[in-house]
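Keep in mind that the numbers below use all heavy atoms, side chains included, and drop hydrogens, waters and symmetry copies. Reminder, nothing fancy here: chain letters follow the sequence lines and each chain counts from 1.
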Protein chains: 2
Amino acid sequence: MAKKKLNIEKDTTTEDRIKASARAVFHRKGFAATRTRDIAEDAGINIALLNYYFRSKENLFQIIMLETMSRFLLMMSDFLNDEKSSLDKKVELVASNYIDFIMIEPDIPIFMLNEIRNNTESLLNKLPIKDIILNSAFFSQHRELVAKGKIKEPNPLHFLMNMLSLVVFPFIAQPLLKAISETDDKAFKELMQERKKLIPIWIKAMMKAG
Amino acid sequence: MAKKKLNIEKDTTTEDRIKASARAVFHRKGFAATRTRDIAEDAGINIALLNYYFRSKENLFQIIMLETMSRFLLMMSDFLNDEKSSLDKKVELVASNYIDFIMIEPDIPIFMLNEIRNNTESLLNKLPIKDIILNSAFFSQHRELVAKGKIKEPNPLHFLMNMLSLVVFPFIAQPLLKAISETDDKAFKELMQERKKLIPIWIKAMMKAG
DNA sequence: GTCTATAGGGGGATAGAC
DNA sequence: GTCTATCCCCCTATAGAC
């Protein structure tokens with residue numbers, strides 16, 4: 001233990017190493033609590049070089065934030081727009097893939113939601129969020145099923161909220177839930193694996209009920 | 001508009017006014033992004049006085065954090081331990097009251113979850129979280145219904161997660177959801193009102209399904 | 001491109017008058 | 001108790017050598 005693994009690979013450019021470190025530290029601590037020193041140390045360089053490449057902490061943050069959000073959005077778009085699959089299948093896709101994604105990068109959800117709160121829309125307006133989500137196959141399929149009477153609650157926003165809630169929230173509340181239930185890391189991961197199968201079943205039951 | 005309402009009431013003690021301001025600012029911006037100057041200004045006093053009463057920013061934060069978490073825990077405990085009501089009824093209680101609570105103080109959930117992430121358990125261990133939640137009537141009722149075959153998924157943690165997810169997550173993701181769907185504040189509040197009735201119905205359907 | 005040294009400023013905390 | 005003035009550290013950013 002001890003000795004943290006630093007991000008000093010020889011086969012990447014300095015710029016990329018700084019970005020990788022910035023991403024890691026920003027995601028873990030958020031903008032305000034992050035010091036450029038931490039990023040520089042993690043990347044194995046000094047602050048001067050960081051500013052040489054990225055001008056300022058603020059600017060570096062904007063770059064990371066934009067990339068992280070684009071990545072998230074692109075992933076969502078892929079799942080929600082797959083024309084071939086049914087709505088049920090899409091729920092399975094989102095649950096399974098998104099849980100896998102968050103397991104690998106557990107800091108991203110709370111990081112994004114927290115920074116969005118502060119940046120109040122400045123960033124949100126730079127991305128075509130509305131187009132991607134609202135015009136997705138996911139939403140039009142939902143509309144069809146509502147028309148056919150297969151789904152009771154007609155508002156697609158409730159549907160989207162429910163799906164994201166059940167998938168994402170347990171990770172955001174992870175420390176609290178662990179403390180409540182004396183669950184260790186291994187057991188928690190198993191719970192999340194179970195949810196990959198359970199969430200689609202639950203969602204299906206909800207659609208019929210209310 | 002303009003002119004922010006400052007917290008300068010004559011009928012409270014200075015100490016209480018500082019605490020009220022600290023609570024407001026910490027909740028909104030988190031520990032790292034908060035400056036003691038902001039708190040002092042909001043309370044209508046200066047930093048010297050803040051340190052006279054509370055010694056340090058860190059100490060003031062600990063006090064606020066502990067109070068906020070205690071308050072949250074006490075509320076949960078009240079809902080989950082009401083011996084008279086059925087499990088279904090408890091779900092209604094939590095959904096309805098907790099949504100009302102968050103509407104009044106929308107910053108609390110993400111504030112708590114975010115600061116818990118940084119403080120890593122130091123604070124969680126000061127509170128009797130486990131006892132209050134795990135030994136609650138809520139959990140024993142859940143166990144009974146599992147035994148009777150009325151609930152399919154036996155793990156009470158899934159049940160707790162689902163309930164909290166459906167209630168809390170939409171508020172945490174509020175800015176994102178608003179951006180996605182072009183929902184304004186009024187419409188969003190109506191959605192949350194609808195959820196007070198919908199969540200208990202959904203939960204009931206989920207229990208039977210998986 | 002990368003470093004050392006340092007400027008510049010902001011923010012938490014304290015001394016001391018009232 | 002409350003204020004003004006000030007200290008001092010830490011952090012971002014830049015100047016300038018290599």
Side-chain angles (χ1 to χ4, degrees), chain A residues 4 6-67 111 114-115 118-119 122-123, chain B residues 4 6-67 111 114-115 118-119 122-123:
Chain A
K4 248 190 303 183
L6 299 189
N7 178 23
I8 322 182
E9 312 287 329
K10 286 292 176 218
D11 55 351
T12 50
T13 67
T14 302
E15 189 172 349
D16 283 341
R17 277 191 290 122
I18 296 173
K19 270 177 68 171
S21 296
R23 189 172 297 118
V25 180
F26 278 139
H27 282 182
R28 181 152 29 83
K29 311 215 285 187
F31 177 78
T34 292
R35 301 174 310 158
T36 50
R37 283 168 158 75
D38 297 333
I39 298 173
E41 190 196 350
D42 186 82
I45 50 103
N46 56 43
I47 314 176
L49 202 54
L50 186 151
N51 282 290
Y52 168 75
Y53 279 107
F54 296 100
R55 282 205 337 275
S56 71
K57 174 189 177 183
E58 176 68 32
N59 186 52
L60 176 54
F61 177 77
Q62 295 290 344
I63 292 170
I64 297 298
M65 184 73 180
L66 200 66
E67 284 187 7
F111 164 78
N114 208 40
E115 299 297 339
N118 307 330
N119 266 285
S122 51
L123 251 176
Chain B
K4 247 190 305 183
L6 299 189
N7 179 23
I8 322 180
E9 311 288 328
K10 286 292 176 217
D11 55 351
T12 49
T13 67
T14 302
E15 189 172 350
D16 284 341
R17 278 191 290 122
I18 296 173
K19 270 177 68 171
S21 296
R23 188 172 297 116
V25 181
F26 278 138
H27 282 183
R28 181 152 30 83
K29 309 215 285 187
F31 177 77
T34 292
R35 300 176 311 158
T36 50
R37 286 170 159 75
D38 296 334
I39 298 173
E41 190 195 349
D42 186 83
I45 50 104
N46 56 42
I47 314 175
L49 202 54
L50 186 151
N51 282 290
Y52 168 76
Y53 279 107
F54 295 100
R55 282 206 336 276
S56 72
K57 175 188 176 183
E58 177 67 34
N59 186 52
L60 176 54
F61 177 77
Q62 295 289 345
I63 292 170
I64 297 297
M65 184 73 179
L66 199 64
E67 284 187 7
F111 164 78
N114 208 39
E115 299 296 339
N118 307 330
N119 266 285
S122 52
L123 250 176

Short heteroatom pairs, N/O only, protein and nucleotides 3-6 of chain D, under 3.5 Å:
| unit_1 | atom_1 | unit_2 | atom_2 | d |
| --- | --- | --- | --- | --- |
| D/dC3 | OP2 | B/N46 | ND2 | 3.4 |
| D/dC3 | O5' | B/N46 | ND2 | 3.3 |

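Scanning both residues, A/I64 and A/H27, for their nearest heavy atoms gives CG2-NE2, 4.3 Å. The nearest pair of heavy atoms linking A/I18 to A/L49 is CD1-O, 4.3 Å.
In this structure, the separation between OG1 on A/T14 and CG on A/L50 is 11.5 Å, given to the nearest 0.5 Å. Taking CD1 of B/I39 as the start and CZ of B/R17 as the end, the distance is 14.0 Å to the nearest 0.5 Å. Rounding to the nearest 0.5 Å places OH of A/Y53 at 9.5 Å from CG of A/D16. Distance check: A/F26 CZ to A/M65 CE gives 11.0 Å after rounding to the nearest 0.5 Å.
Listed by residue number, the members of residues 52-60 of chain A with any heavy atom below 4.0 angstrom from DNA chain D are A/R55, A/S56, A/K57.
Shown here are the side-chain hydrogen bond (donor to acceptor under 3.5 Å, both in side chains) partners of B/D38, two or more places apart in sequence or in another chain: B/K29, B/R35. Considering only residues two or more places apart in sequence or on other chains, A/E15 meets the salt bridge (charged side-chain N to carboxylate O under 4.0 Å, His left out) condition with none of them. For A/S56, the side-chain contact (heavy atoms from CB on, under 4.5 Å) test picks out A/E58, A/N59, with sequence neighbours left out.
Taking atom CG of A/L50 as the reference point, atom P of C/dT4 lies 15 Å away to the nearest angstrom. Following rounding to the nearest Å, B/R35 (CZ) and C/dG11 (P) show an atom-to-atom distance of 4 Å. Note: CG (A/N51) to P (C/dG8) measures 16 Å, nearest angstrom.
Axis orientation changes by 10° from one end of the helix from C/dG1-D/dC18 to C/dC18-D/dG1 to the other, with each end axis drawn from 5 pairs and the value rounded to 10°.
Using a 4.0 Å cut-off, some side-chain N or O of A/T36 falls inside it from OP1 or OP2 of D/dT12.
Judged by the 6.0 Å distance and 45° axis criteria, A/K57 is positioned over the aromatic ring of A/F31.
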